[in-house]
Amino acid sequence: IVESAMEGESLLGILPTGTGKSICYQIPALSRFDKTGALTVVISPLVALMADQVQGLVRAGISSAVTINGLLSLPERYDAMDKVRLGDAAILLISPEQLRSTSVRSVLAQREVGLWVLDEAHCVSKWGHDFRPDYLRVADFLERIGQPQTIALTATATPHVRADIAAVLRL
C-alpha cells in the first residue's frame, strides 16, 4: 500500500486493526511534505482517533500534524488553521463534517494538497456498520476538485462494502 501511495495511485486498503494503516499514509505524507511542501488531508470519523494520530506523531518527534475539529477553542482552531495556511502542517486531520466549513475549505484552497486519506472508509458505504452521510459529501467534494489521489483505509469491509467504497470514491 505504501509503495502504491508513493507512486500516486488511489487505492482501498483493508488492514486489520493494529497492523499499520496509519503508516500507509504517514510515510507518503511526510515524504511529499519534505519534497514539495504538499499537505495530506486525513478524514477521520472520531476526534479521539485524530488526537491519537497527532499524539503518536508528536511522540515520534514529528510536530507537523494538526487537527481541526469542533472541540477546539477558537484560539486553538485559529492556530491549527494558521499552521495549515502557512505551510507548517504536513498532515491535517479533520472529520468529514469540517468540509462544510467555509474557513476550512478556504485554508485548503491556499495549499497544495498532495493526498487525501479516508480513514475508517467503511463509513462511506451505506452497507457499512458506521455509515456517515457526510462521508458521501467527501466523495462529492473530491469529484469537484478533480478526483485527486485518494487512499481509503479500513479494518473490516465485506466484499459488498468494498465494492461500494470503490464506487462511491471512484477508486
Side-chain angles (χ1 to χ4, degrees), residues 1 5 12-30 33 38-111 113-142 145 148 150-157 161 165 168-169:
I1 290 176
L12 170 61
I14 313 292
L15 296 163
T17 300
T19 58
K21 286 185 295 298
S22 299
I23 204 78
C24 293
Y25 68 79
Q26 289 172 347
I27 290 173
L30 295 170
F33 181 70
L39 176 69
T40 293
V41 177
V42 179
I43 298 172
S44 182
L46 300 172
V47 172
L49 290 175
M50 291 182 253
D52 285 348
Q53 291 296 314
V54 171
Q55 289 306 313
L57 288 165
V58 167
R59 283 191 302 274
I62 299 165
S63 61
S64 56
V66 297
T67 185
I68 297 174
N69 63 64
L71 298 181
L72 297 178
S73 68
L74 279 179
E76 291 169 327
R77 186 176 178 89
Y78 291 141
D79 183 54
M81 302 252 300
D82 281 345
K83 286 180 181 175
V84 173
R85 184 180 300 108
L86 296 172
D88 295 330
I91 300 171
L92 170 64
L93 294 104
I94 60 173
S95 69
E97 292 80 7
Q98 290 296 320
L99 287 176
R100 288 193 234 154
S101 165
T102 304
S103 60
V104 169
R105 288 193 318 269
S106 175
V107 78
L108 289 175
Q110 295 175 42
R111 285 288 302 277
V113 179
L115 178 62
W116 289 83
V117 178
L118 278 86
D119 198 11
E120 305 297 333
H122 61 273
C123 294
V124 169
S125 175
K126 63 185 173 215
W127 306 106
H129 59 275
D130 289 340
F131 174 65
R132 295 257 301 261
D134 276 294
Y135 268 81
L136 295 178
R137 291 184 186 99
V138 171
D140 292 341
F141 178 83
L142 294 175
I145 63 170
T150 305
I151 297 175
L153 300 166
T154 189
T156 57
V161 170
I165 294 167
V168 168
L169 296 176

message: Within this structure, what is the CG-CG distance for the pair D52 and L57, rounded to the nearest 0.5 Å?
response: 11.0 Å
- prompt: Does the side chain of V41 come within less than 4.5 Å of V117's, by heavy atoms?
  reply: no
message: I'd like to check V113 versus P148 (side-chain heavy atoms, cut-off strictly below 4.5 Å). Are they in contact?
response: no
statement: Separation between CD1 (I94) and CE (M50), nearest 0.5 Å, reads 8.0 Å
field: Straight-line distance of D119 CG to S22 OG, nearest 0.5 Å
entry: 6.0 Å
- prompt: Would you say the side chains of E76 and S73 form a donor-acceptor pair under 3.5 Å?
  reply: yes
field: Note, S101 side chain near R77 side chain (heavy atom, < 4.5 Å)
entry: yes
- prompt: When L39 is tested against each of V107, L108, I91 for side chain to side chain contact (heavy atoms under 4.5 Å, CB included), which residue passes?
  reply: L108
- prompt: Under a 4.5 Å cut-off applied to non-hydrogen side-chain atoms, are Q53 and V42 in contact?
  reply: no
Side chains of E120 and L49 in contact at under 4.5 Å (non-hydrogen atoms): yes
- prompt: In terms of heavy-atom contacts, does NZ of K83 have more than 12 from other residues, nucleotides or ligands at under 6.0 Å?
  reply: no
query: Short question: side chain of T40, backbone of A38 - any donor-acceptor pair under 3.5 Å?
result: no
For L153 against K21, the heavy-atom pair lying closest together: CD1-O, 3.4 Å
field: Check: P96 and F141 side chains under 4.5 Å, non-hydrogen atoms
entry: no
query: Passes side-chain contact (heavy atoms from CB on, under 4.5 Å), V138 versus W116? Steps please.
result: CA-CA 10 Å; V138 171; W116 289 83; 5.7 Å; no
task: Write down the atom of S44, the atom of Y135, and the distance for their closest heavy-atom approach.
output: C-OH, 3.6 Å
message: Return the OH to CG distance between Y25 and L93, rounded to the nearest 0.5 Å.
response: 5.0 Å
field: Salt bridge D82-R85, side-chain N to carboxylate O under 4.0 Å
entry: yes
message: Within the 4.5 Å heavy-atom criterion, are T154 and I14 side-chain neighbours or not?
response: yes
message: Ignoring hydrogens, what is the shortest heavy-atom contact between F33 and S64? Give both atom names and the distance.
response: CE2-CB, 4.4 Å
field: From T67 atom OG1 to L92 atom CG, the distance as rounded to the nearest 0.5 Å
entry: 7.0 Å
task: Apply the test salt bridge (charged side-chain N to carboxylate O under 4.0 Å, His left out) to residues D134 and R137: give CA-CA distance (whole Å), side-chain angles for both, the deciding distance (0.1 Å), then the verdict.
output: CA-CA 5 Å; D134 276 294; R137 291 184 186 99; 2.7 Å; yes
message: Is any side-chain heavy atom of L118 closer than 4.5 Å to one of L142?
response: yes
query: From Q110 CD over to L86 CG, what is the distance, rounded to the nearest 0.5 angstrom?
result: 9.0 Å
